[in-house]
Amino acid sequence: MSLAVRDARLDGDVVGLRVDDDRVAALGAGVDAEAGDDVIDAAGMALVPGLVNGHTHAAMTLMRGYGDDLPLMEWLQDRIWPTEARLTAEDVYWGTRLACVEMIRTGTVRFWDMYWHPEAVARAVQDAGLRAAVALPLIDGLDADKSDALRVEAERTLDVLADAGPSITPSLGPHAIYTVSEKSLHWIAELSSERELPVHIHLSETEGEVRDCVQAHGLRPAAYLDRIGLLTPRALLAHGAWFDEDEMALVGERGATVVTNPVSNLKLAVGREFPYAKASEYGIPVGLGTDGAASNNSLDLFQDVKHFALMQKHIARDPAAMPAREAWAVATGRRAPLLGQSGRIAVGEPADFLLVRADAPELTPGDLTANLVYAASGSVVDTTVVGGRVLMRGGGIAGADEAREEAIASARRLGVIA
Ligand SMILES: [Zn+2]
């Protein structure tokens with residue numbers, strides 16, 4: 001049975017769409033359902049590409065709202081790290097399933113994750129029907145003596161993830177330059193090159209990180225990564241808020257991707273914003289992320305795309321600095337090929353798309369893209385399709401109640417809630 005969409009609006013035209021296997025097989029004004037198709041009547045709805053969350057820690061939904069408004073180190077040391085030390089694979093599975101429900105509900109079709117028990121993350125992603133790049137956080141506490149054991153653990157995880165199927169992209173997740181020794185960063189660079197694996201790392205998030213890096217290595221974070229051989233087109237740099245102009249030029253030259261997380265940066269008060277206009281000047285591919293639900297606290301990318309556009313206008317002191325169309329292109333993956341989503345709906349492309357309620361008050365009247373960026377929340381999404389599979393229809397998601405109940409049970413067991 002094939003999936004068919006009837007009477008959807010696409011760029012002002014009324015079109016039909018048919019899926020063959022997991023790709024768009026036909027699209028256009030004359031395209032109609034065939035006998036036996038599973039038909040979605042999309043009258044009153046607009047067809048748009050799915051969103052891609054370029055940086056998150058999905059299972060941190062379990063710690064949503066836990067220690068909000070505390071200073072950063074107090075929050076990490078007293079709340080987050082002790083809780084994470086108690087996490088089981090089962091907790092991570094249900095925390096990730098809850099995250100997937102929230103992402104499906106708000107139109108995210110792929111995400112880049114870095115979290116504990118990555119095999120449980122992968123299982124949750126597959127069961128939910130989404131796509132994800134999955135990484136174990138690699139941390140040796142800057143202790144080179146722990147580097148060899150970390151490598152064994154990293155390779156074991158990669159082997160498990162390699163068998164997880166086409167919806168899972170195994171990746172390397174060195175947590176940050178202040179938690180991973182130079183020795184480990186060297187073998188991570190080697191492994192990435194040998195196996196052509198993406199490397200997902202937090203970089204230049206805070207001023208303190210930059211100061212410590214200059215003190216320890218005589219280089220700013222991007223230059224330090226480059227010296228190690230980690231600044232490549234396979235690198236995904238989360239944040240980059242404190243890059244200086246030389247670092248931007250270097251990142252652009254090496255072809256590394258930056259994922260900016262404006263809401264998390266604002267909430268954790270990092271004091272600077274990744275400058276998109278400069279990034280474009282240097283040809284840096286850019287994506288958008290939420291970061292974890294403990295520091296956002298939402299996984300609804302519609303909030304992040306609005307903050308992204310507004311912050312870029314604000315720091316450029318120019319409302320024309322970030323048009324809605326450009327912000328939407330970033331949120332749908334079009335400005336960062338590494339993220340793995342083309343952001344296009346076309347014949348031959350994977351059948352990853354959304355139907356949004358074009359008659360929702362917040363999308364009325366005016367330009368659809370501008371309304372999606374400035375006015376909408378994820379609640380305008382009616383239908384989410386990934387690889388031709390309908391994950392949400394009319395707002396209903398299979399397994400959502402179970403995911404919610406199990407995640408609450410985990411949060412209670414972990415002591416996050418009473
Ligand atoms: Zn993060």
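We count ligands from 1, going down the list as the structure has it; atoms in each ligand are counted the same way. The model shown is predicted, which means the values in this text are computed figures rather than measured ones.
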* To do: Scan Arg110, Arg131, Arg344 and name whichever one has a salt bridge (Lys or Arg N to Asp or Glu O under 4.0 Å) with Asp352.
  => Arg131

* Restricting to N/O/S, name the atom of His57 that gets closest to the Zn ion (ligand 1). => NE2

* Any idea which N/O/S atom from Asp291 gets closest to the Zn ion (ligand 1)? -> OD1

Are [X] and [Y] close enough that a side-chain donor and a side-chain acceptor fall under 3.5 Å?
X: Glu326; Y: Tyr276; result: yes
X: Glu84; Y: Tyr115; result: yes
X: Arg234; Y: Ser192; result: yes

* To do: Nearest 10° is fine: what angle sits at the Zn ion (ligand 1) between NE2 from His55 and NE2 from His202?
  => 90°

